[in-house]
Amino acid sequence: MTEIPLQPAAKTQGSLDHVFYVLKANPVTLIAFAMFALLIFSAVFGPALVPYDPLATNASNALQPPSAAHWFGTDNVGRDVFSRVIVATRLDLSISVAAVALSFVVGSVLGCIAGYWGGWPDIILNRFLDTIMAFPLFVLAMGIVAALGNTIENIIYATAIINMPFYARLVRAEVNIRRDAGFARAAKLAGNSDLRVLAFHIFPNALPPMMVQVSLNLGWAILNAAGLSFIGLGVSPPTAEWGIMVAEGANFIVSGEWWLAVFPGLWLMIAVFTFNLLGDGLRDIVDPRKRT
Amino acid sequence: MLASTPRLRATLLRIAQSIPVVIGVVVISFLLTRALPGDPAVYFAGVAADTASIEQTRVAMGLDKPLVQQFFIYVGDLLQGDLGQSLSSGRSVAEDLAKRLPASLELTLTALLLAIAIAVPLGVLAATRPGTWVDHLCRVVVTAGVSLPTFFTGILLIYIFYYLLGIAPSPLGRLDFIYLDPDHVTGCYLIDAALMGDWETWRGAAKQLILPASTLALFTLAPVARMTRAAMLTALSSDFIRTARASGLSNQTILYRYAFRNALLPVVTTLGMVFSFALGANVLVEKVFAWPGIGSYAVEALVVSDYAAVQGFVLAMALLFVALNLVIDLLYTAIDPRIGFSSK
């Protein structure tokens, strides 16, 4: 890996050009960005804009197929599926963003310590990460939620714990190869403390690959959180959340009321798909060599 | 004899390496069982317990002892195969898991074989014909496959093949009630029925298995196909392939004897990760198809807060995963062309 000398003005110009070039060359990434904006929009403004109250029941209007009044139909107690699907965006995104942010921070700190100083913290961290990775990760998340208690916060903690090894390993590797790099030594020689060199000179180099990881991870975190609520962990029934909506709709699929489960499942899929595309696109921007 | 020595050493080394991992897994499972919400003694004593009986439970469970001592008692119990009592079924957790494990293994292994049988040829074809429809198909499958929530795919397949087309049996368990369970030999219905020569039952079991196995296969297919394609592309563009081509070897020989054997190595490595996904997704698929495996057992236990059963399940899955990884790595040393050739 070669170090690119830092040239602030020219670099910003160059990388912006590169971003535009990649976006133009790969329209899929552009679509992914648009879908991402749509998701964020429905997470922020969705609850204010949906046509019906996501919790309002209406027994006389139950199990209606999709129509002009109810785009996604109504569920078994007459709630509007469209409103519930849109409102659920906020909860699902918050869970995964919170979980990924948590594992990003914890993973970065642990990875920096292990990568910069090495020695026994490094050995302990590696053993610890190996042990986490020795579990099938979704199963470990189930165990953690079962042990800590069945709440949304614990879903976040569990998702964060199973994501953390990826960040810690990435940061450890990125920090470790730059520990004795010329620029790090120069910064040290100029009188900066170890902590300062680590935080402001070495760690920022790990950020581009980290951003790719974050994007790919967000999709996975949503899948995990929805999977956990599908088996009845975390979110409790009246709340609108994609996983639990699919679980509730599953009971009606064998009698042909497909819209209950299909629309929330479809939205979940679109969200995951967006983050995966975004991750691939970001990787093209950050590291064109890793394109597959 | 000489050729087997480095392989034997690599094998022993790899087995030795899995010991600390097993210890780590046991430590984490122990911490999970002891991190129950509230006081485990209150929980295990039951709803109608008073202070005296809670104290009695605490002493009986050894919860009054220091944590380190509790850990050794826990390990001692584990060595005797004791995972505690399930509150919901009233039997020991180990017994319950052992009874349900074959169903899960049958499902997971069928799905993995299915996934590998589709993904590896797809990846190879995509790599040898870049830019063609096979390549594009591979890309679509790979991206869609990792984005599909397994429980959603399962429900969609039920809707299409059971409700709309009516060609799949009802998604309830391993065998329709009109068939008798085959005699218990391995616990895998397909194998047991085949051993009995009862092809009627075999067909019935296969019919039940095909939808859940396809659901799981769709999910695991993506990483395998992606890795096969990437590994094949790397192998095909390397120098030894150029040399082989220059030497005038046939395309077939180059593709299968040279490129594919080398491309298999990273593919086998990804299988470990794929297993991790498959075992997790297994839980969801079992719930969707009411498959009586250990995954749905854990889900049922979660619903009634039967913690001993859940933690027993987590530990069993982790040990299964460690064992699978060990097998994969041993397989790796067996197929690595560098081991064995170098010692000739």
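Order of the sequence lines sets the chain letters (A, B, ...), proteins ahead of strands, with each chain counted from 1.
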Novice: Does any non-hydrogen side-chain atom of B/Phe313 lie less than 4.5 Å from one of A/Val139?
Specialist: yes
Novice: Between B/Ala318 and A/Pro136, what is the shortest heavy-atom contact and its length?
Specialist: CA-CD, 3.8 Å
Novice: Select one option (side chain, backbone, both, neither) describing which atoms of B/Leu148 are under 4.5 Å from chain A's heavy atoms.
Specialist: both
Novice: Using non-hydrogen atoms and a 4.5 Å limit, figure out which bit of A/Ile222 sits close to chain B: side chain, backbone, both or neither.
Specialist: neither
Novice: Relative to chain A, which segment of B/Phe275 carries a heavy atom at a distance below 4.5 Å: side chain, backbone, both, or neither?
Specialist: neither
Novice: Non-hydrogen atoms of chain B under 4.5 Å away: do they reach the side chain of A/Leu266, the backbone, both or neither?
Specialist: both
Novice: Would you say OH of A/Tyr157 has more than 12 non-hydrogen atoms from neighbouring residues, nucleotides or ligands within 6.0 angstrom?
Specialist: no
Novice: Given a strict heavy-atom distance threshold of 4.5 Å, which part of B/Tyr162 is in contact with chain A: side chain, backbone, both, or neither?
Specialist: side chain
Novice: For each of A/Trp242, A/Phe230, A/Phe275, tally heavy-atom pairs with chain B at distances under 4.5 Å, and name the one with the top tally.
Specialist: A/Phe230
Novice: Who wins among B/Gly24, B/Pro149, B/Ser18 for the most heavy-atom pairs under 4.5 Å with chain A?
Specialist: B/Pro149
Novice: For a 4.5 angstrom cut-off between non-hydrogen side-chain atoms, does A/Leu268 reach B/Phe151?
Specialist: yes
Novice: Sort out for me which of B/Ile158, B/Val283, B/Val310 touches chain A most, counting heavy-atom pairs under 4.5 Å.
Specialist: B/Val283
Novice: From B/Ser29 OG over to A/Leu140 CG, what is the distance, rounded to the nearest 0.5 angstrom?
Specialist: 9.0 Å
Novice: Report the relative orientation of the aromatic rings in B/Phe277 and A/Trp220; use parallel for angles under 30°, tilted for 30 to 60°, perpendicular for over 60°.
Specialist: tilted
Novice: Give me the atom names and distance for the closest heavy-atom approach of B/Val314 to A/Gly143.
Specialist: CG2-CA, 3.7 Å
Novice: Of all the heavy-atom pairs spanning B/Val21 and A/Ala134, show the shortest one and how long it is.
Specialist: CG1-CB, 3.3 Å
Novice: To the nearest 0.5 Å, how far apart are CZ in A/Phe135 and CG in B/Leu315?
Specialist: 7.0 Å
Novice: Considering all heavy atoms of both residues, which atom of A/Met133 and which atom of B/Phe321 are nearest to each other, and what is their separation?
Specialist: O-CE2, 3.3 Å
Novice: Please classify the contact between B/Val25 and chain A as side chain, backbone, both or neither, with a heavy-atom cut-off of under 4.5 Å.
Specialist: both
Novice: Can you spot which of A/Ile231, A/Leu223, A/Leu228 makes a side-chain contact (heavy atoms from CB on, under 4.5 Å) with B/Leu284?
Specialist: A/Ile231
Novice: What's the spacing between B/Gln311 CD and A/Met142 CE if we round to 0.5 Å?
Specialist: 9.5 Å
